[in-house]
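These values consider heavy atoms only, across backbone and side chains, with no hydrogens, waters or symmetry-generated copies. Quick note on labels: first sequence line is chain A, next is B, and so on, each numbered from 1.
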2 protein chains.
Amino acid sequence: MKAPTMKQVAQMAGVSSSTVSRVINHSAPVNEDLQKKVMKAVEALGYSPDQIARSLRKGKTNVVGVIIPNITNPFFPVIVKGAEDYLRKQNYLIMLGNSDFDLKMEKKLFNTLKAKNVDGLLFVGSGGRTPFIDNLENRKKIVFVDRIYENIEKNYVIVDNIKGMNDLVNYLLDLNHKSFVMINGKKRTYTAEKRREGFELALKNANISQYEIIYSGYSYEKGYETALSLKEIPDAVVCGDDMIAFGVIDALKKRGINVPEDVSVTGFDDLTFSSKFSPPLTTMHQPIYELGFEAAKLLVKIINDKQIKKNKIILPTTLVPRKTTALRLKKTS
Amino acid sequence: MKAPTMKQVAQMAGVSSSTVSRVINHSAPVNEDLQKKVMKAVEALGYSPDQIARSLRKGKTNVVGVIIPNITNPFFPVIVKGAEDYLRKQNYLIMLGNSDFDLKMEKKLFNTLKAKNVDGLLFVGSGGRTPFIDNLENRKKIVFVDRIYENIEKNYVIVDNIKGMNDLVNYLLDLNHKSFVMINGKKRTYTAEKRREGFELALKNANISQYEIIYSGYSYEKGYETALSLKEIPDAVVCGDDMIAFGVIDALKKRGINVPEDVSVTGFDDLTFSSKFSPPLTTMHQPIYELGFEAAKLLVKIINDKQIKKNKIILPTTLVPRKTTALRLKKTS
DNA sequence: TTGTAAGCGTTATCAT
DNA sequence: ATGATAACGCTTACAA
């Protein structure tokens with residue numbers, strides 16, 4: 001039972017398909033009687049226009065590609081949801097692909113999506129530099145989300161990672177912390193580098209040189225391992241993201257070290273779970289949903305080729321003090 | 001700069017577009033020399049075939065629609081990942097939609113996806129019965145995942161919820177628990193009803209009548225609220241899923257009731273987080289990833305119209321005893 | 001083996 | 001206001 005076509009509707013209503021098209025799209029005035037006839041035929045047949053044919057003809061699919069590293073990581077679904085909520089209103093559908101943090105897959109996905117004629121692309125990079133993006137004519141239709149690269153100088157929506165981490169460390173400084181270990185994401189990934197900058201900036205301004213930076217990776221497991229092998233426990237362990245922080249805290253628990261009594265631990269992200277962790281995690285809140293929402297908004301603007309004034313969007317982060325940090329009273333060094 | 005077309009490639013290579021098509025698709029033998037010429041032109045122009053045009057012509061899009069309730073809930077992304085991992089190998093892309101647990105949206109999404117000519121649909125229902133699914137000719141191309149309805153009697157991949165919950169309660173029974181409260185998902189949702197069945201089945205077999213069933217909703221917040229207002233604390237609180245269990249445990253903590261010393265609490269799902277919760281959650285593991293993977297596999301089979309022998313797939317659950325349950329020593333009633 | 005031409009289901013242009 | 005027709009970019013009979 002194949003789907004009914006416009007031609008069939010036209011036949012049934014005793015008009016030409018042009019008229020059917022006009023009625024359906026309200027693209028030109030049509031006699032009321034005919035309109036009714038057409039609508040009746042549409043109802044009767046349960047007709048709905050074939051979007052593939054329409055796309056071919058109009059050169060527009062109303063589909064937006066979304067490439068994320070891994071949907072299974074609690075951070076990215078929120079971006080997708082934000083994007084979808086905006087896109088739905090604008091009559092766009094999402095074609096989704098996980099790159100699994102793999103540059104090759106990223107590239108392949110990009111090409112597949114492009115071949116499918118998506119009208120635009122929301123690109124949440126896997127973190128490393130992506131040279132294939134570099135010389136891309138139609139980079140115009142791409143909005144980069146959360147992570148950018150040196151050569152990307154427009155069409156992105158990110159968070160101020162430097163300021164965010166700087167604020168966070170300043171908070172720790174105010175709480176009289178004197179020695180620090182940063183357990184960060186993988187080296188060379190955009191967010192990890194920016195957060196490191198913020199971290200070092202704050203310490204430099206406070207004239208603190210007693211710190212160490214460890215690039216492990218954005219995951220619970222990495223955080224756990226790293227914290228397990230930590231020789232000296234500092235006043236504060238500053239983590240690159242919340243997942244790391246969870247792992248770190250659990251590892252410290254395992255070692256019999258109390259958080260926040262013996263050491264403060266902080267995250268970065270403020271995942272849904274972070275407030276429910278035990279103890280509730282002190283972290284830097286990112287507007288994750290807005291990241292996706294704003295990116296979608298910008299992308300649609302770009303697609304519609306309006307003159308874009310604001311094509312670099314930097315969203316603010318906000319400190320969320322909870323229970324994994326405490327005032328340091330005695331000197332530890 | 002529009003994408004190059006097959007015609008342009010043909011022109012450059014000095015052949016007809018049919019030949020280009022044949023070379024690209026390996027659909028018919030082509031003289032080696034011509035092949036080379038064509039490939040050279042393809043390279044030169046950076047040509048890749050327009051999938052929209054191809055889809056229109058072939059009546060196949062190689063896109064599968066996926067409808068889930070909410071990507072933000074940690075359960076569903078895992079299904080999507082499983083599905084994608086299989087579909088990618090089969091050269092399918094995913095078009096994703098969140099129904100937000102809303103029947104209207106579900107229906108709308110369904111129609112939109114259908115209009116986009118997806119080759120098939122993975123449907124993770126929002127839980128309630130969905131009458132619009134009932135009289136659907138092309139239900140043939142839909143695979144129902146995780147949740148089904150009374151009138152769905154084939155093409156689904158689910159978990160044995162009754163057995164799962166039954167096993168779980170039996171485990172509690174073995175641990176000498178005598179009184180129970182079940183805090184469940186919303187009434188009338190498929191999984192909630194099945195799990196209730198399993199719960200009651202086990203208690204009936206054990207001749208235990210001291211129990212209560214509360215339908216609250218599958219969320220941390222619902223679990224929290226419900227546990228906060230619990231008058232009498234039973235030996236065990238059996239939760240409809242892990243999210244509820246997290247909320248329940250936190251609420252009990254708040255009330256100064258110790259888990260598992262004073263009361264056992266169990267979940268259902270075994271989310272990634274459940275082993276990291278504190279204390280680590282005793283729960284019934286669901287093969288969530290496999291749910292998506294197997295569903296995708298079945299769907300592709302259906303799309304290819306092979307004779308399907310096994311179109312009802314019921315995956316097993318496995319008990320994961322962790323730290324929120326303990327042997328009950330003294331009588332509590 | 002290769003080319004010509006029809007057709008997939010729309011929309012847009014041009015007459016009428 | 002309405003209808004005939006071409007075109008979107010591809011695949012596939014059918015011819016040659």
Checking B:Phe123, B:Tyr156, B:Tyr190 against B:Phe144 for ring pair (Phe, Tyr, Trp, His ring centres under 6.0 Å), the one that qualifies is B:Phe123
* N-O pairing of B:Asp102 and B:Lys108 below 4.0 Å -> no
Sorted by number, residues from residues 43-52 of chain B placing a heavy atom under 4.0 Å from DNA chain D are B:Tyr47, B:Pro49, B:Asp50
Report all interatomic pairs (protein N or O, nucleotide N or O of nucleotides 14-16 of chain D) with separations under 3.5 Å.
none

Under 3.5 Å, which N/O atoms of the protein pair with N/O atoms of nucleotides 5-8 of chain D?
unit_1: D:dA7; atom_1: N3; unit_2: A:Arg57; atom_2: NH1; d: 3.2
unit_1: D:dC8; atom_1: O2; unit_2: A:Arg57; atom_2: N; d: 3.4

Measure the shortest side-chain to side-chain distance between A:Lys81 and B:Asp100 over non-hydrogen atoms and say whether it is less than 4.5 angstrom. yes
Residues of residues 26-41 of chain B with a heavy atom under 4.0 Å from any atom of DNA chain C, listed by number, are B:Pro29, B:Val30, B:Asn31, B:Leu34
- Are side-chain N/O atoms of A:Thr191 and A:Tyr218 paired as donor and acceptor at under 3.5 Å? yes
Check your understanding: Taking 4.0 angstrom as the limit, do A:Lys89 and A:Asp85 come out as a salt bridge?
Key -> no
Checklist entry - Does one side chain, of B:Thr5 or B:Tyr47, offer a donor that lies under 3.5 Å from an acceptor on the other? => result no
Are side-chain heavy atoms of B:Thr61 and B:Tyr92 found at a separation under 4.5 Å? no
Students should find that the nucleotides of DNA chain C closing off the region near chain B, any atom under 4.0 angstrom from a heavy atom, are C:dT1 to C:dG9
Residue pairs passing the salt bridge (Lys or Arg N to Asp or Glu O under 4.0 Å) test with at least one member in residues 45-74 of chain A, sequence neighbours excluded, are A:Lys60-A:Asp119
### Message
For the NZ atom on B:Lys116, are there more than 12 heavy atoms of other groups (residues, nucleotides or ligands in this structure) within a distance under 6.0 Å?
### Response
yes
Is there a side-chain contact between B:Ser21 and the phosphate of D:dC10, meaning an N or O under 4.0 Å from OP1 or OP2? no
